[in-house]
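Residues: numbered from 1 along the sequence shown.
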Amino acid sequence: YQMSKLAKQYMSVALSGTGGDELFYGYNKYHFFYKNRYAYKWLSYFSNLFPVMEFLFDGIPKFQNAIKLLRGNPAQQFLSLKNNGLGRLLEKVDGFYDVAEKILSIDNRELVMRVRDFDVGATLPNSIIPSIDRGSMRAGFEVRTPFLSRELYNIVSKIDQRSFLAFGQKEVLRRILARYIPSQLTDHPKRGFVFPSEHFLSQQSLSAPDIPWLSSSVVEQIWNNKNNKNYRGLAMRIAVLSSFKNS
């Protein structure tokens, strides 16, 4: 809404890249899963040995971080990556396993393909698109989304999905753009609008919020570590849940 409100001062219509990351595998998480696909595929067979391996390799940060991300089924691995390796903390939340089992489709495809399908089928229509639509309409600003084209989706679906991952983030789009636009306009690091979470959390109460449907010990652990970047995302969600409860 704030972005649309600002843009409205200078224009009335804008093009959005919404759907581009999902369609062309642009998110960092996709490339992380693809790069480490063999680790996810083969080490999962030895997950029952992880407690022993954790004990043997205690004090080796790289190994400990790998264990955090590789534990559990694919849905648990996805949630752990999305929350900076805090999978064990999430497991303490009532109903976590039930939710995890429903997130990803049950099949033999690589994890990255299943995560992308989840984003296309759940995150994009239920979270990203509604927030953009409501925020822009509230500001009286028209946002058009050329990537959300059924025809484009059907064309991309016929292409081997690995070709979008093997050569780097959004390489397919970069090659297409290079035919029409000078490289200096497209060849630069990824930039985006980042919500000032540190500022937001600094304005919240020092004591942990009371969320009736969440374990108080879990909430307190997250809240007490909210200045830690690994916990910040979960702390933000707790703050939002608390505001819903109070309203």
Side-chain angles (χ1 to χ4, degrees), residues 16-50 62 65-88 90-91 95-132 145-177 186 189-190 192 233-234 237:
S16 167
T18 302
D21 280 312
E22 290 81 5
L23 203 60
F24 291 95
Y25 292 84
Y27 286 125
N28 291 332
K29 61 186 174 186
Y30 299 154
H31 290 265
F32 180 89
F33 284 132
Y34 182 75
K35 179 182 176 182
N36 297 284
R37 61 192 182 280
Y38 296 117
Y40 276 100
K41 181 177 181 180
W42 298 112
L43 290 183
S44 61
Y45 294 120
F46 303 99
S47 59
N48 59 323
L49 297 177
F50 281 178
K62 277 193 174 183
N65 289 336
I67 291 294
K68 290 178 182 178
L69 297 177
L70 291 169
R71 290 179 73 255
N73 61 37
Q76 290 172 266
Q77 293 168 346
F78 171 45
L79 289 172
S80 185
L81 180 71
K82 284 283 290 180
N83 293 282
N84 300 302
L86 298 179
R88 279 190 168 172
L90 294 175
E91 289 172 13
F96 169 78
Y97 291 103
D98 293 333
V99 172
E101 288 180 2
K102 297 176 182 178
I103 285 181
L104 299 183
S105 57
I106 301 175
D107 54 48
N108 295 321
R109 291 178 304 156
E110 291 182 6
L111 182 55
V112 61
M113 310 300 180
R114 296 160 67 183
V115 170
R116 185 262 197 169
D117 284 354
F118 170 77
D119 286 340
V120 170
T123 307
L124 192 59
N126 296 328
S127 177
I128 298 176
I129 293 175
S131 64
I132 293 175
T145 52
F147 283 115
L148 298 181
S149 159
R150 185 181 298 273
E151 183 179 1
L152 179 60
Y153 181 84
N154 290 336
I155 292 173
V156 171
S157 296
K158 297 176 183 178
I159 302 173
D160 188 334
Q161 296 171 321
R162 290 171 295 183
S163 63
F164 298 119
L165 295 160
F167 305 105
Q169 285 181 274
K170 301 183 183 177
E171 181 60 25
V172 172
L173 290 180
R174 294 181 191 277
R175 292 185 184 184
I176 295 174
L177 283 173
T186 60
K190 185 174 181 178
L234 290 175
R237 293 172 191 150

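Partners of Arg175 by side chain to side chain donor-acceptor pair (under 3.5 Å), not counting sequence neighbours, listed by chain and number: Glu171. The side chain to side chain contact (heavy atoms under 4.5 Å, CB included) check on Asp98 picks up nothing, with sequence neighbours excluded.
Remark: Arg37 qualifies as a cation-pi partner of Tyr34 under the 6.0 Å distance and 45° angle criteria applied to the six-membered ring.
Annotation for Ala75 and Ala100: closest pair CB-O, 2.7 Å, computed over non-hydrogen atoms. Residues Phe164 and His31 come closest through the heavy atom pair O-CE1, 3.9 Å. Residue Leu111 comes nearest to Pro74 through the heavy atom pair CD1-CB, 3.6 Å, listed as atom of the first residue, atom of the second, then distance.
Between Phe96 and Leu79 there is a side-chain heavy-atom pair separated by less than 4.5 Å.
Salt bridge absent: Arg116 and Glu110 never bring a charged side-chain N and a carboxylate O closer than 4.0 Å. Ion pairing of Asp119 with Lys29 is present here, as a side-chain N (NZ or NE/NH1/NH2) and a carboxylate O approach within less than 4.0 Å.
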Step-by-step ring pair (Phe, Tyr, Trp, His ring centres under 6.0 Å) determination, Tyr30 to Phe33: CA-CA 5 Å; Tyr30 299 154; Phe33 284 132; 8.0 Å; no

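Residue Arg162 places its CZ atom among 12 or fewer non-hydrogen atoms of other residues, nucleotides or ligands, all under 6.0 Å distant.
Side chain to side chain, Asn28 and Gln169 meet the donor-acceptor criterion of an N or O pair below 3.5 Å. Donor-acceptor pairing under 3.5 Å is lacking for the side chains of Asn154 and Glu151. Judged by distance alone, the side chains of Arg114 and Asn108 never bring a donor and an acceptor atom under 3.5 Å apart.
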